[in-house]
Amino acid sequence: MFIIDVIKKEDATGELKVLYKMIERSLGFVPLHFELFATIDIEAMKEFAAYNQKVLTHKTIDKNLLPYLRLEISKRECRNYCLAFNTKIVQNMQNENKTYDDKQQILLDKVLKAIYETESFTQVDIAELDSVGFSNKDYFDLLSYATNFMAKSKMIEVYTKEETE
């Protein structure tokens with residue numbers, strides 16, 4: 001799957017084994033791309049896991065919104081690995097009727113607008129977010145999450161491409 005060998009959960013020892021157990025407790029499994037990141041830079045993976053946990057427990061942003069955001073970005077950015085991964089998560093969520101409300105949809109739409117239609121994102125958009133109860137910090141947090149995901153998904157794609165020779 002990746003163009004480098006990764007340390008699988010079952011082969012992990014020491015600090016890496018502890019990290020994988022923590023991830024598994026939080027998510028229910030260890031995603032393959034987490035094994036990739038942890039193999040390359042365990043400290044960066046720890047920071048990434050902590051950051052994701054912070055966003056998952058955000059007081060205002062619904063955690064059910066996050067896979068939908070990642071799926072939309074994966075589609076627009078043609079990130080094949082992330083598209084497949086997040087499609088599966090969203091399908092499972094839909095089967096369990098896990099969704100988010102209209103207020104969260106506005107937040108999602110504004111983040112996507114800021115990323116893909118930056119020149120048309122204005123104070124009017126910020127005012128709309130404010131009118132439904134989102135602070136500048138809430139919006140900034142989700143925008144940061146989205147752009148962080150874009151960077152990480154690109155890194156995953158780099159390591160999943162086929163070698164050419």
Side-chain angles (χ1 to χ4, degrees), residues 1-4 6 23 26-38 40-41 44-45 47-58 60-164:
M1 152 141 253
F2 297 117
I3 60 173
I4 66 168
V6 299
I23 292 167
S26 177
L27 300 178
F29 67 107
V30 178
L32 296 175
H33 57 285
F34 281 29
E35 292 176 340
L36 171 69
F37 293 153
I40 295 170
D41 185 345
M45 182 61 225
E47 290 171 12
F48 178 67
Y51 174 72
N52 278 294
Q53 190 60 34
K54 179 181 174 187
V55 176
L56 283 171
T57 58
H58 197 282
T60 311
I61 299 168
D62 186 335
K63 70 178 181 180
N64 290 333
L65 182 70
L66 303 176
Y68 289 92
L69 173 64
R70 293 190 311 261
L71 179 59
E72 186 59 34
I73 291 170
S74 297
K75 288 177 189 175
R76 293 182 186 206
E77 298 293 318
C78 300
R79 304 283 198 256
N80 295 327
Y81 172 86
C82 294
L83 181 61
F85 181 80
N86 287 291
T87 296
K88 184 176 177 182
I89 290 174
V90 166
Q91 287 171 340
N92 290 340
M93 289 175 64
Q94 289 172 338
N95 290 340
E96 298 172 11
N97 292 319
K98 290 183 179 178
T99 188
Y100 51 88
D101 63 25
D102 292 341
K103 180 176 137 175
Q104 298 288 321
Q105 183 65 50
I106 292 168
L107 180 61
L108 172 65
D109 292 343
K110 296 302 179 185
V111 165
L112 292 171
K113 181 178 181 181
I115 293 169
Y116 294 107
E117 302 168 42
T118 307
E119 65 286 342
S120 66
F121 186 84
T122 67
Q123 292 169 325
V124 172
D125 296 295
I126 295 294
E128 187 177 350
L129 287 164
D130 185 54
S131 75
V132 295
F134 290 111
S135 69
N136 286 327
K137 176 80 166 91
D138 297 331
Y139 177 70
F140 182 85
D141 288 346
L142 191 60
L143 182 60
S144 177
Y145 178 82
T147 56
N148 186 294
F149 170 75
M150 292 172 77
K152 295 292 191 237
S153 67
K154 181 63 175 181
M155 291 170 65
I156 292 166
E157 289 297 313
V158 167
Y159 282 96
T160 58
K161 69 183 179 184
E162 295 295 319
E163 292 184 48
T164 56

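These values consider heavy atoms only, across backbone and side chains, with no hydrogens, waters or symmetry-generated copies.
Side-chain contact between Arg70 and Cys82 is absent, with no heavy atoms from C-beta onward closer than 4.5 Å. With a 4.5 Å cut-off on side-chain heavy atoms, Thr160 and Asn80 do not count as touching. Proximity of Phe149 to Asn86: side-chain heavy atoms (C-beta onward) are separated by under 4.5 Å at one or more points. Between Leu69 and Leu112 there is a side-chain heavy-atom pair separated by less than 4.5 Å. For the pair Tyr139/Asp130, no side-chain contact is recorded, criterion being any heavy-atom separation below 4.5 Å from C-beta on. A 4.5 Å side-chain heavy-atom check between Asp62 and Asp101 finds every atom pair outside the cut-off. Within the 4.5 Å cutoff, side-chain heavy atoms of Leu143 are placed close to those of Ile115. Two residues are said to be in side-chain contact when any heavy atoms from C-beta on lie closer than 4.5 Å; Asn52 and Tyr145 meet this criterion.
Proximity of a side-chain donor or acceptor of Gln104 to a complementary backbone N or O of Ile61 within less than 3.5 Å is not detected. Put simply, the side chain of Ser144 never gets that close to the backbone of Asp141: no donor and acceptor are under 3.5 Å apart. Between the side chain of Tyr100 and the backbone N or O of Lys63 there is no donor-acceptor pair closer than 3.5 Å. With hydrogens and angles ignored, the 3.5 Å screen pairs no side-chain donor or acceptor of Asn92 with any backbone N or O of Ile89. Between the Glu35 side chain and the Val30 main chain, no donor and acceptor come within less than 3.5 Å of each other. Between the side chain of Asp125 and the backbone N or O of Thr122 there is at least one donor-acceptor pair closer than 3.5 Å. Although no hydrogens or angles enter the test, the distance criterion places no donor-acceptor pair under 3.5 Å between the side chain of Asp138 and the main chain of Thr60. Using a distance-only test at 3.5 Å, with no hydrogens or angles considered, a donor-acceptor pair links the side chain of Thr57 to the main chain of Lys54.
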**OP:** For the pair Ile40 and Ile4, evaluate side chain to side chain contact (heavy atoms under 4.5 Å, CB included) and give the outcome as yes or no after the intermediate values.
**Re:** CA-CA 9 Å; Ile40 295 170; Ile4 66 168; 3.8 Å; yes
**OP:** Go through the steps to decide whether Leu142 and Leu66 satisfy the test side chain to side chain contact (heavy atoms under 4.5 Å, CB included), and finish with yes or no.
**Re:** CA-CA 9 Å; Leu142 191 60; Leu66 303 176; 3.7 Å; yes
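The CZ atom of Phe48 sits 9.0 Å away from atom OH of Tyr51, with the distance rounded to the nearest 0.5 Å. Annotation: the span from Lys152 atom NZ to Met155 atom CE amounts to 5.0 Å, rounded to 0.5 Å. Going from atom NE2 of His58 over to atom CG of Leu65 covers 11.5 Å, rounded to the nearest 0.5 Å. Summarising the geometry, atom CD1 belonging to Ile23 is positioned 10.5 Å from atom CD belonging to Gln53; distances are rounded to the nearest 0.5 Å. Atom CD of residue Glu128 and atom CD1 of residue Ile126 lie 10.5 Å apart, to the nearest 0.5 angstrom.
Using cut-offs of 30° and 60° on the angle between ring planes, the pair Phe85 and His33 is perpendicular.
At a threshold of 4.0 Å, the pair Lys113-Asp109 does not count as salt-bridged, since none of the basic side-chain nitrogens sits closer than that to a carboxylate oxygen.
Residues Arg79 and Ser153 bring a donor and an acceptor atom of their side chains to less than 3.5 Å of each other. Side-chain atoms of Glu72 and Tyr116 include no donor-acceptor pair closer than 3.5 Å.
When the shell of 6.0 Å around CG of Asp102 is examined, it contains 12 or fewer heavy atoms from other residues, nucleotides or ligands. Within 6.0 Å of OH in Tyr159 there are 12 or fewer heavy atoms belonging to other residues, nucleotides or ligands. Residue Phe140 places its CZ atom among 12 or fewer non-hydrogen atoms of other residues, nucleotides or ligands, all under 6.0 Å distant.
Annotation: cation-pi pair Lys110/Phe121 absent, no NZ/CZ under 6.0 Å from the ring centroid and within 45° of its normal.
Closest heavy-atom contact between Lys98 and Tyr68: O-OH, 3.7 Å. Considering all non-hydrogen atoms of both residues, Glu157 and Tyr81 come closest at OE2-N, 2.9 Å.
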